[in-house]
Amino acid sequence: MSESQLWNDVDDYFATLLAPHDDALAAALRESDAAGLPRINVAPNQGKLLHLLAQLQGARRVLEIGTLGGYSTIWLGRALPADGRLITLEYDPAHAEVARRNLARAGLEKIAEVRVGPALESLPKLADEHPEPFDLVFIDADKVNNPHYVEWAVMLTRPGSLIVLDNVVRGGAVTDADSTDASVRGTRAALELFAKHPKLSGTAIQTVGSKGYDGFALARVVA
């Protein structure tokens with residue numbers, strides 16, 4: 001058995017045991033596939049982790065940067081109370097329409113709002129609304145702009161909020177300080193913010209599984 005197959009088998013075991021089949025989530029994946037969306041959504045056990053993190057936060061307000069087909073959005077939205085609010089930002093209008101259908105099927109259309117356009121245009125508009133601080137921010141969009149997304153996440157949260165940054169390992173390329181890959185450079189800059197920003201305390205975790213060799217970073221807003 002290859003190493004990657006073993007990773008997949010372990011993920012399948014964890015998902016079957018701890019994040020079992022769910023009609024709305026399965027339909028969200030089918031709808032995304034049918035619409036030709038890239039298969040880059042989080043794995044089921046990773047979705048369950050986001051769900052638990054939101055619950056542990058006692059989150060009432062969540063911001064997601066990067067919606068895709070709404071699979072992770074469903075996991076996060078289900079962790080919120082009935083009067084909670086989730087705003088998710090998606091660049092591609094076609095992806096956003098798929099996500100809206102998936103969220104409606106999951107019964108989250110009153111909690112989750114999909115906003116369309118470049119996130120770096122949507123975030124200033126969101127800030128102009130003077131929203132209540134978000135309790136959790138999940139960043140899973142274009143990696144080039146990761147440091148900008150982290151800065152906005154700090155501005156839109158409060159002490160005690162949690163910021164989750166996905167896909168930080170880049171297959172190990174994150175260690176290359178001389179990389180010319182814009183996604184690697186953006187990820188490294190975001191991690192450096194986690195390390196140096198006076199309002200953040202963070203760490204990063206390597207993972208293996210059905211999504212290959214990757215990882216995520218977590219930061220708590222401390223001031």
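Quantities reported herein were computed from a predicted structural model and do not represent experimental measurements.
- Using a 4.5 Å heavy-atom threshold, the side chains of Val208 and Glu3 count as separate.
- Closest approach of Val184 and Val174 over heavy atoms only: CG1-CA, 4.1 Å.
- Looking at heavy atoms from C-beta onward, Leu126 lies in side-chain contact with Pro131 at the 4.5 angstrom threshold.
- Counting only heavy atoms from C-beta outward, the side chains of Tyr71 and Val42 approach each other to under 4.5 Å.
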After noting the C-alpha distance and the side-chain angles of Arg85 and Leu80, does the key distance pass the side chain to side chain contact (heavy atoms under 4.5 Å, CB included) rule? CA-CA 7 Å; Arg85 189 182 186 200; Leu80 300 183; 5.8 Å; no
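- Side-chain contact check for Gln46 versus Asp214: every heavy-atom pair is 4.5 Å or farther apart.
- The distance from atom OG1 of Thr16 to atom CG of Asn45, rounded to the nearest 0.5 Å, is 10.0 Å.
- Follow the hydrophobic side-chain contacts under 4.5 Å out from Ile87 and you never reach Ile111; the two are in separate clusters.
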### Derivation of the side chain to side chain contact (heavy atoms under 4.5 Å, CB included) call for Thr88 and Phe138
CA-CA 9 Å; Thr88 181; Phe138 178 47; over 6 Å; no
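- The local environment of OH in Tyr91 is sparse, with at most 12 non-hydrogen atoms from other residues, nucleotides or ligands closer than 6.0 Å.
- Here the straight-line distance linking atom OH of Tyr149 with atom NZ of Lys143 works out to 9.5 Å at 0.5 Å rounding.
- Of the residues Ile139, Asn146, Thr187, the one that meets the side-chain contact (heavy atoms from CB on, under 4.5 Å) test with Val168 is Thr187.
- Each of Leu218, Val154, Leu136 was checked for a side-chain contact (heavy atoms from CB on, under 4.5 Å) with Ile163, and the lone residue meeting it is Val154.
- Counting heavy atoms of neighbouring residues, nucleotides and ligands inside a 6.0 Å radius, atom CD of Glu132 does not exceed 12 of them.
- Here the side chain of Asp11 pairs no donor or acceptor atom with the backbone of Gly209 at under 3.5 angstrom.
- A pairwise comparison of heavy atoms in Ala96 and Val114 identifies CB-CG1, 3.7 Å as the closest pair.
- Grouping the Ile, Leu, Val, Met, Phe, Trp and Tyr side chains by contacts below 4.5 angstrom, directly or via other members, places Leu76 with Leu25.
- Under the 4.5 Å side-chain contact rule for hydrophobic residues, Leu50 and Phe14 do not share a cluster.
- Under a hydrophobic clustering in which Ile, Leu, Val, Met, Phe, Trp and Tyr are joined whenever their side-chain heavy atoms come within less than 4.5 Å, directly or via other members, Leu53 and Ile65 fall into different clusters.
- A 4.5 Å side-chain heavy-atom check between Leu68 and Pro38 finds at least one atom pair inside the cut-off.
- Leu162 contributes atom CG, which lies 10.5 Å from atom CG of Leu200 (distance to the nearest 0.5 angstrom).
- Closest approach of Arg61 to Phe134, counting heavy atoms only: NH2-CZ, 3.5 Å.
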With side chain to side chain contact (heavy atoms under 4.5 Å, CB included) as the test, would you mind laying out the steps for Ser161 and Val137 before giving the verdict?
CA-CA 8 Å; Ser161 294; Val137 179; over 6 Å; no
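- The shortest non-hydrogen separation linking Val116 to Ser122 is O-OG, 4.2 Å.
- Both Leu193 and Met155 are assigned to one and the same hydrophobic cluster, defined by single-linkage of ILVMFWY side chains at heavy-atom distances under 4.5 Å.
- A donor-acceptor pair under 3.5 Å is formed between the side chain of Asp135 and the backbone N or O of Arg60.
- Of the charged side-chain nitrogens involved, none lies within less than 4.0 Å of a carboxylate oxygen, so that Lys211 and Asp166 do not count as a salt-bridged pair.
- The CG atom of Leu120 lies 12.0 Å from the NZ atom of Lys125; values are rounded to the nearest 0.5 Å.
- The neighbour count for Arg185 CZ, taken as heavy atoms of other residues, nucleotides or ligands under 6.0 Å away, does not exceed 12.
- Between Leu63 and Trp152, every side-chain heavy-atom pair lies at or beyond the 4.5 Å cut-off.
- Taken from CD1 in Ile40 to OG in Ser72, the straight-line distance is 10.0 Å, to the nearest 0.5 Å.
- Closest non-hydrogen pair, Ala19 versus Trp75, comes out as CB-CH2, 4.0 Å.
- In this structure the side chain of His95 never reaches within 4.5 angstrom of the side chain of Thr67, judged on heavy atoms.
- Atom CD in Glu109 sits 8.5 Å away from atom CG in Leu103 (nearest 0.5 Å).
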Point to revise | Worked check of side chain to side chain contact (heavy atoms under 4.5 Å, CB included) between Glu64 and Glu90 | key: CA-CA 9 Å; Glu64 180 181 50; Glu90 173 54 44; over 6 Å; no
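- One N or O on the side chain of Gln57 and one on the backbone of Gly160 form a donor-acceptor pair closer than 3.5 Å.
- Across every non-hydrogen atom of Tyr213 and Trp7, the tightest pair is N-CZ3, 4.1 Å.
- One finds a salt bridge joining Arg39 and Asp33 here, because a Lys/Arg side-chain nitrogen approaches an Asp/Glu carboxylate oxygen to under 4.0 Å.
- Annotation: side chain of His21 is in contact with side chain of Asp23 (closest heavy-atom distance under 4.5 Å).
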